[in-house]
Amino acid sequence: VGELEPFISKFGVDVLRKRGINELYPPQKEAVEKGIFSDRNFVIAIPTASGKTLIAELAMVHETIKGGKCLYTVPLKALASEKFKEFKKWEEIGLRVAVSTGDYESKDDWLGEADIIVTTSEKADSLIRNQAGWIRNISMLVIDEAHLIDSARRGAVIEILVAKLRKINPSARIIALSATIPNADEIAEWLGAELLTSEWRPVPLYEGVFYPGKVLRINDGRVTEIKAGKSLESLVKETLSDGGQVLIFESTRRYTESLAEKLIPVVREYSDENPELSEDILLENDGEMSNKLARCVRFGTAFHHAGLLGYQREIVEEGFKKGKIKVVTATPTLAAGVNLPARRVIIKGIRRYESGIGNVFINVSEYKQMAGRAGRPGLDSHGEALIISKTKNEALELIKRFVMGEPEKVISKLGSENHLRFHTLSIIAEEIANSEDEIENFFSSTFFAHQNEFTMKWEIKRILLQLVKWDFVNADGSLVATEIGKLVSKLYIDPLTGFIFKEAGKRFSELTDMAILHLICRTPDMELLYLRKSDDWIEDEAGFFREELTYFPSYYSAEYDWFLKEFKTALMLYDWINERDEDIICGKYGIAPGDVRRIVETAEWLLHALTRMFEFMENPMTTRTARLEERVKHGVKEDLVELVKLKWVGRKRARKLLNAGIKNIEDLHEKRNIAERLIGRRIVEKILEDTS
Ligand code: ADP
């Protein structure tokens, strides 16, 4: 790494050495040779764990030494903190590193001081919408996981970010990091970038398929038969007895849970007991799922899916990295998110259930993501990925389809109406475009336009008509956003959500808690709960609230089923703010604690947006919605709102304290003994420490 000195300084090289990086990996060398320190754009499409991030880090360090400012965008909040921790090592040579994933509708002026800013794509777009002045100084944009342009929900914003940055600062450099995809060249063309692709891996990967008795391993296109056990358990045993760890992908949450439990007798032979980890899993929740997880973790297995609470996921990930947990069963989301390699990756869920269609194969690119997790650098001589099948014939078919298969192309998803509507309002509000031609011109610089020949003239016309009708855009003369249109854009909500809120603000000056919760569930920005066959009771409950709600379709209308989903979600939130026990909520609605928290977080954000809009419209309900926002955030009735603002005081502890007449921190000091008896001495100490 000594040869990097002219680009990242002698001190920079020292930082690398301290991290144990003494020589560049081959793709990294190639990046240097191809001009990563020049002013060219780059698309770097190489396998996971082959050192993409470090290439970007080197480029960013060079850029900041030259006086530039870098923005590094990731798809998930959790990844932002992970990268932030990694990049902080550069503070040793005076670089200022910052992370910003917080609330929308802020400028985060303090980021003006930072050299490297890590953030999610959505937050970056929101910062532009709120006209953070420092955005103009961004001279390098790094897009991590750029293949996610293909994601229906989150891909569009990546394209928009690029297009906006090019308007704001045409000379800014762009570096896109991606998994290996077949049309990386197309992305490179779009960005006017050098393309670097490679199949090199720090740990060689063997791919294969298992069926009872045999593993078919593929090497340079040739198939070798290897004798194996009869079951999945035997595969797990083999790796564990050899000192390795196993990651198993399943298609549903329920399967991950039952498999992790089923493997306990196999795994406990090779694992010490982890009573502390097991205890920690129950720190904030001791419901059914948490207890199951605690039992698994104790004996060295764990499951990992979106129903876990954030801190539980961290315990599982850290426990696995430290080797205390030997086997993790996970849903596919793990493959797209955190970096959790294992010697052997087993793909059991090679099919997925799609409603209305039945079982379908997962995408080849999803398979490659999962398989790519095999092999821990520095620990394993090779990694191995195995698909589970039942017969030899099926095994051969899976080899052809997945192991030899080519990942799907990345296809832009920007063309869908909701994305176009969302971003059209924003570019008008930011005065990036003030006419139909300018809007068209803006979209013509996206990957969508690069992939599609046709113009978007008619879609844009239609969306403009809508935005004008909703009074978010004024079209007399040149196009300008109205004040409320600008607010909607800054709040980062779908214009349709804004319209629903605006109409409610005009029509009503008094709504009940339930009606307000239902109102936010009516917007396209809310994640709704599913209806199960056993959910008939929802209808009766809805009937009970009929008079209060802002909308109640006829039983015969096409919207009725959708309405029930909205209502079910609202009712869940209603139970939450009325302090129903979290585990009872999970049972009643058929969800896990992680789902409750995710929906709560979205509801909190939407209530904030609603409050801001009511404020603007001078609707008298503002205080009410603001208070509801606090209640949703903590899951409490009105009288606990003050108490739960204290750190370490959740809804349960707060209720215990209030029942004993402790209403605030002064009371806590006064009645310290009682408090200690109720919620424990350690907790009381922590609370007092944090407020002193
Ligand atoms: P990717 O972003 O491609 O998935 P990372 O950049 O996160 O991969 O690299 C994976 C791991 O390899 C990291 O822990 C990183 O510190 C380490 N690493 C990267 N480059 C080198 C190198 N040249 N020598 C040793 N370790 C490296």
Side-chain angles (χ1 to χ4, degrees), residues 1-5 7-8 12-34 36-37 42-62 70 72-76 78-90 92 97 116 118 142-148 175-181 184 195-205 247 317-318 320-323 334-343 345 365-366 368-383 385 407:
V1 290
E3 77 247 35
L4 297 176
E5 203 180 300
F7 306 108
I8 62 166
V13 172
D14 288 343
V15 172
L16 289 180
R17 292 218 166 97
K18 250 191 230 165
R19 276 165 72 178
I21 295 170
N22 295 307
E23 205 178 329
L24 292 184
Y25 287 159
Q28 295 167 340
K29 272 196 196 122
E30 203 184 327
V32 173
E33 281 155 18
K34 280 197 156 173
I36 196 73
F37 296 121
F42 268 82
V43 169
I44 296 165
I46 56 180
T48 327
S50 49
K52 283 190 283 292
T53 312
L54 191 76
I55 298 178
E57 280 179 76
L58 296 176
M60 290 194 294
V61 171
H62 178 63
C70 308
Y72 189 104
T73 64
V74 295
L76 299 167
L79 282 175
S81 354
E82 198 180 299
K83 296 296 173 192
F84 172 62
K85 271 187 225 146
E86 264 177 80
F87 298 170
K88 261 189 105 59
K89 308 214 168 91
W90 294 104
E92 214 172 287
V97 184
I116 297 176
V118 187
V142 181
I143 305 165
D144 201 354
E145 316 270 353
H147 53 274
L148 288 179
I175 296 182
L177 311 178
S178 152
T180 42
I181 46 171
L195 174 63
L196 195 160
T197 57
S198 159
E199 293 294 328
W200 183 87
R201 290 173 179 278
V203 186
L205 171 68
L247 184 58
E317 288 160 17
E318 283 307 305
F320 193 72
K321 280 182 193 156
K322 294 203 174 108
L334 185 129
V338 282
N339 188 17
L340 207 62
R343 183 179 304 171
V345 169
S365 56
E366 284 174 273
K368 295 282 177 197
Q369 279 267 12
M370 297 176 189
R373 298 283 156 181
R376 299 179 49 161
L379 292 173
D380 301 328
S381 65
H382 68 271

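Computed over heavy atoms, backbone and side chain alike; hydrogens, waters and symmetry mates excluded. Just so you know, ligand 1 is whichever comes first in the structure, and atom 1 is the first atom listed for that ligand.
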> Distance under 4.0 Å, heavy atoms only, partner ligand 1: which residues pass?
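Lining ligand 1: Ile21, Glu23, Leu24, Tyr25, Gln28, Pro47, Thr48, Ala49, Ser50, Gly51, Lys52, Thr53, Leu54.
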> Take the angle between the ring planes of Phe7 and His62 and call it parallel below 30°, perpendicular above 60°, tilted in between.
perpendicular
> What is the minimum heavy-atom distance between Phe84 and Val97, and which atoms define it?
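Result for this residue pair: CE1-O, 3.5 Å.
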> Crowded around Lys85 NZ? As in, over 12 foreign heavy atoms under 6.0 Å?
no
> Pick from Val118, Leu177, Thr73, Leu76: which one makes a side-chain contact (heavy atoms from CB on, under 4.5 Å) with Asp144?
Leu177
> Which pairs of donor and acceptor atoms, one on a side chain in residues 14-21, lie under 3.5 Å apart (sequence neighbours left out)?
{"unit_1": "Lys18", "atom_1": "NZ", "unit_2": "Glu92", "atom_2": "OE2", "d": "2.5"}
{"unit_1": "Arg19", "atom_1": "NH1", "unit_2": "Glu57", "atom_2": "OE1", "d": "2.9"}
{"unit_1": "Arg19", "atom_1": "NH2", "unit_2": "Glu57", "atom_2": "OE2", "d": "3.4"}

> Test side-chain contact (heavy atoms from CB on, under 4.5 Å) on Ile46 and Glu199 and set out the steps.
CA-CA 6 Å; Ile46 56 180; Glu199 293 294 328; over 6 Å; no
